Amino acid sequence: MDVAVTVNGVEYERDVEPRKLLIHFIRDDLDLTGSHIGCDTGNCGACSMIVDGLLVKSCMLLAVQADGATIETVEGLAEDGKLTALQQAFSDHHALQCGYCTPGMLMSATALLRENPSPSEREIRKALQGNLCRCTGYWNIFEAVKAAAK
Amino acid sequence: MTEATLAPAPGEVVVPSKKWQGQNVPRKEDKRLTQGEGVFVDDIKRHGMGYVHFVRSPYAHAHITSVDVSKAEEIRGVYGTITGEEVAALTDPFFQLSTPPGAHLKDYALAVGKVRYVGEPVVAVVAETRELARDASELVDVDYEPLPALVDARRARDESAPVLHEDSGSNLMWEGVYEWGDVDAAFAEADKVVKIKELHFHRFNSTPLECDGALVEFNRGVGQWTIYTNNQFPGFAQIMMGPAMRTGLDKLRFVTQDIGGGFGNKITSHPQLVVCCLLARKLNRPIQWTEWRTDFHLSMSHGNERWFLDTEVAVRSDGTLLGFRTKALDDAGAWLRYEPLGGVIWAQVTPGVYRWRNIRLEFTQVATNKAPCSPNRGYSRMQHLWFTERMLDIVAHELGLDPVEVRKRNYIKADEMPYETPNGCIYDSGDYAKMLDVALDLIGWDALEARREDARSRGRLLGLGIGSTLDSGTNNFGQSRLINPELQFSGNNEVATVKLDIFGEVVVTLGTTPQGQGHETTAAQVVADILGCSIDDVHVRAGHDSYWNSHAGFSGTYASQFAVTGLSAVKGATEMLAEQITKLGSVILGGVPEDALELADGTVRIKENPEAALPFMACGAIINANNAGLPEDLDVTLNCRYVYRPPFQVPDVERKYGNLTLTYAAQVHAAVVEIDPETGHYEIVDYAAVDDCGVRIHPQIVEGQVMGATAQALGAAMHEAFEYDDEGNLLTPNFYDYHVPHALDVPPLETGYIETASPFTPLGTKGMGEGGGAGIHSVCAAIQDALRGHGDAIVYDSWNPYKRVWELLEHPERARSLVEVVGA
Amino acid sequence: MLLREVEYAKPASVADALATLAEHDGARALAGGQTLINVMKARAASPDVLVDLNGLAELKGIDLAADGTLTIGAMTTYAELIRSAEARARPILGEVCATIADVQVRNRGTLGGNVCANDPTNHLPPLMCAVGAELTIASAAGERTVPAADFFLGVYMTAVGPGELLTRITIPAGKRDGFAAVTLGVDGTCIVNAAASVNGGVRVALGCVDAVPVLVEAASPEEVADAVERAALRPPSDVHASSEYRAHLAQVLATRAAREAAART
């Protein structure tokens, strides 16, 4: 089936099997490998991206369901290599170690700050509940989001 | 210290001028990782690559009576398959570290003749797309004849137990007896003996977010495999794979860049890598393998599950620990993939952080129909340290003593460092009592009773628990001879190269395989300080590549050693380069004596006359492209390779005695829990973690490791477990049932630190990162404390989900029946 | 992780959707996908045709009638319900939805999907039973309405038959509700849950203890524990809880939910 999407401002059109998951389409067909896969039950959030303005886990959407959608992934955050305040805050506060959860975490934090520019720690924790990290224990991530929120 | 000490003489710790070291410099890795520009193995694509899917055993134990791949191979788009029978013809079984009978088992890359755990790979199918490979795998016909499954290690030596490996004839994989000091005398002298029938350290692992994977290419013309992968110990993988594949190690080129977490769990992927290599050769195309989460849970690197049976602790009435006896029963799962090294590695920390000298431990390792165990963060030491903390806490509990006081009474003291343990390990430095004080201060110990009262008023039971632990780092691989005297391994090493390129760029290559520990950054800090240049001018290549020739037999990132092995190699190589730059500078600057020169601002210059400077660019250009006229005997290449070798001796195999690790970082944690007695549900309401890893090159990175280890330990203590049913089915095969802590789960955290430099390492650093599981120790202690006066159950298992806490409250007699105190 | 081959249909109307569902035995409705896609990844079920209900305006919307009755379109997402001013008329709805999974799941997952999946650990089946919801099912033949107590038939099985669709959930007016759960991690999967509603007496629906929610009634919150005892529960055992432990939790949580409900005004 034909799928046309706009990802980070760029238009793409491909023919895909209905059974292909959106995350595989993004990674394998469009070569946007910034978004990752960490599980097979929709629990880890490494595949998180913003689709038509809503934060979703792209492993639980079929590519064909995204036909006509506007998608934002981690590759679209920085402009010409200039990190966003959030990305910079992640680095400043050592909110990433291996970096595998980071793209999904950044998309979730980006979605949070759009809706709630000054979140409390409790709100940050709640917003990031769907993004697992095994390296940091999350504490530095909370600090990074707070710093970016200021 | 007595006897022919195997300890290195305390060296002079020379810390270069610290402009960069000790600072929280921005991590070099972050720019690419925050933009999604990291290169993880699944990101790599090759034209024409075939995707692998493994057909896996649905049975815990069964004969394979037939395998038929014909229907799968008929499907258009399926490139081919490989079976166990083919693997057995093409390869030799993996080298076994154990002694007979364990050593006799035959371990191939795919199941041959029999399956021994649910999820064991049986056949591999390769197809044009991922989905097609998965579809085709369903058309592979494997017939099984199920056999009874062995799931309980305590039954493994029963007459009636099913035997996993006919070649071994027994489920015994390894056994050994360790005894030091005078155990009988200790028990004779004791006021009391605390007997604990059973303690159990559960099976889990660190579930790195990225699972294993590889993309393997075979260059037929030169017989060379290139293995893009995320294996974190390529040195070990090569040693296992080469002989099995009947090929030289140099023919197995390992390339890694970014790895999404390792924690030890990415050490034993060599069987799957062999399958990929064979397929790449057979099918003449690149082979891509992605391990899915369920595959990983079913088959990869479970942490050692260990029982401590019939433990007896000899104590004085005042809580002085005199000695202990125990039988450690280790459940290795179906195959020995890095085991039985766990059978000796615990001995790096034999007495824990305590001063007792009289210890007897009978270690038995058995096979069961579960996933193979291999290293997990804190490998084998964590189990033993948990056991040690349990003994101490249970002793305090039974004798009505304060666990804080008992710890202080028994801790090895700072002025006893370096301290030789009963089995000859040398704890380099540390001050555990001070760390405990810091932890208690951070947790608000003084206010504890008031908090307990407040919790009571809300219907909650509050408890405080301490966990002291060690993170022994930089292995002496000679300890493997205590497992098997025939093994020819000893010592350790790591390699670094540092060079000046033609335009004066400083380029560093490492032998390590970082998975988030920031090696590019910390290596650059060390280099920049020695060369007197900016950290921005030091380029550290990302990842690992065997073609760089920057590795040795033990290269990799595991066992808490980079700050010692990796950074010492970097230091050595950089000092060589600094010396060469100085030598060259001396010649070029008109024969100035070398001691009149210094390296600063990216130049070599005359101290008294800094304007007379030769920039690195000039140095690089001269040696590389403009070298006519240089003195014939000028030994300067500006391309320096250094192999760091820690000062180890081969241990005394007979007495099981000797220094097994170079450095001993430590952590002391304090946990406060609140239990809802009506439901068994509990929360960690406060947490403090104090660490000491000697000199900190990058404090933020160190703290990040402490935090990560803490979160993992808390997850393991409360939720995470690889639990099996009686048929050998894994009940937690994915993240739905295996609950990993998320952002709402982690408690408020306070961290603290002290720094006791290691006298044994070039930079005063100690390896750290694994942590030692202090989070598990402290949560167990806190639960036990909360239950005082409410049944007084002892905590006997490292896994304490809500159902267990409720059980301890409802039926404390079951836990209490495990412990007995007798007058000597 | 990798689905079997499937056909995909995007109907333009509920009538279209019903026709496609009726036409193919192996057709399944795709709501939020937060359960179904995972089921398909595991290949535990593999429909032949997915009928995507996303985008059908007829299945959206939350209406608050003058008498306080709420009518909620089956494809309302948890996030939409939480944000809805109308839904605050029955506060327990938004409160419970806010504890389901995480932000990403709540942005796509639907109330209709939750009740139709009828996983024994789901939050909404017991909640719908406690508040006395009515569920409207459409087919080519027309519409019928089933009370919650009769809607849940077995594990993953509801009164929605082949060729049918849940279109809306109707919830009577009320505020005196409670919900209590022990979950795997904070706001995680339920190990046992209980939903309660006070209207004269107390009605409690227990989840995770049987194939379908178990309803008990009592005159007051303090009598709920006995009522649960009399229900003679035989809950399943699994890695998170023994049967005995679940039965115990059911009593405790039922009482807590009932007390919470009674305390509201």
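Being a predicted model, the structure only gives us computed values, none of them experimental. Below, chain A is the first sequence line, B the second, and so on; all start at residue 1.
A salt bridge links B:Asp691 with B:Arg696: the distance from a Lys NZ or Arg NE/NH1/NH2 to an Asp or Glu carboxylate oxygen falls below 4.0 Å. Using a 4.0 Å cut-off between charged nitrogen and carboxylate oxygen, A:Lys20 and A:Asp15 do not count as a salt-bridge pair. Under 4.0 Å is where a charged nitrogen must lie from a carboxylate oxygen, and between A:Glu72 and A:Arg114 at least one such pair does. Using a 4.0 Å cut-off between a side-chain N of Lys or Arg and a carboxylate O of Asp or Glu, B:Arg32 and B:Glu520 qualify as a salt bridge.
Contacts of B:Thr294 with chain A are made by both backbone and side-chain atoms, with heavy-atom separations under 4.5 Å. For B:Tyr736, the parts lying near chain A are the backbone and the side chain together; criterion is any non-hydrogen pair under 4.5 Å. Neither the backbone nor the side chain of B:Gln517 comes within less than 4.5 Å of any heavy atom of chain A. Proximity to chain A (any heavy atom under 4.5 Å) is restricted, for B:Arg130, to the side chain, taken from C-beta onward. Both the backbone and the side chain of A:Leu132 have a heavy atom closer than 4.5 Å to some heavy atom of chain B. Interface residue A:Ser91: backbone and side-chain heavy atoms are both found under 4.5 Å from chain B. Of the two parts of A:Ile124, neither the backbone nor the side chain holds a non-hydrogen atom closer than 4.5 Å to a non-hydrogen atom of chain B. At a 4.5 Å heavy-atom cutoff, B:Glu29 makes no contact with chain A through either its backbone or its side chain. Both the backbone and the side chain of B:Pro747 come within contact range of chain A, with heavy atoms under 4.5 Å apart. Heavy atoms closer than 4.5 Å to chain B are found in the backbone of A:His93, but not in its side chain. Looking at A:His36, the atoms closer than 4.5 Å to chain B (heavy atoms on both sides) all sit in the side chain, from C-beta outward. Heavy atoms closer than 4.5 Å to chain A are found in the backbone of B:Ile259, but not in its side chain. Contacts between B:Phe263 and chain A at a heavy-atom distance below 4.5 Å involve the side chain alone, from C-beta outward. With a threshold of 4.5 angstrom between heavy atoms, A:Leu77 does not approach chain B through any atom at all. For B:Asp42, the parts lying under 4.5 angstrom from a heavy atom of chain A are both the backbone and the side chain. Within the 4.5 angstrom heavy-atom criterion, no atom of B:Glu37 approaches chain A. There is no contact between B:Asp258 and chain A, counting heavy-atom distances below 4.5 Å. Residue B:Thr290 does not touch chain A at all, counting heavy-atom pairs closer than 4.5 Å.
When each of A:Ile141, A:Val74, A:Asn140 is checked for heavy-atom pairs under 4.5 Å with chain B, A:Val74 comes out on top. Ranked by heavy-atom pairs under 4.5 Å with chain A, the list B:Pro748, B:Pro741, B:Gly261 is led by B:Pro741.
The cationic atom of A:Arg14 (NZ for Lys, CZ for Arg) does not lie both less than 6.0 Å from the six-membered ring centre of A:Phe25 and within 45° of the ring axis. In this structure, A:Arg134 fails the cation-pi test against A:Tyr100, since its NZ or CZ atom is not both closer than 6.0 Å to the six-membered ring centre and inside 45 degrees of the ring normal.
Side-chain contact annotation: A:Asn131 with A:Ser108, donor-acceptor N/O pair under 3.5 Å present. Under 3.5 Å, the side chains of A:Glu11 and A:Thr6 contain no donor-acceptor pair of N or O atoms. Residues A:Asn116 and A:Glu123 bring a donor and an acceptor atom of their side chains to less than 3.5 Å of each other. Defined by atom type and a distance below 3.5 Å, a donor-acceptor pair is present between the side-chain atoms of A:Gln87 and A:Thr84.
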Review point. What do the steps show when you test B:His302 against B:Phe204 for ring-ring contact (aromatic ring centres under 6.0 Å, His included), and what is the final call?
Key: CA-CA 6 Å; B:His302 286 194; B:Phe204 65 93; 10.0 Å; no
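The two residues A:Leu113 and A:Ala149 make their nearest non-hydrogen contact at CD2-CB, 3.9 Å.
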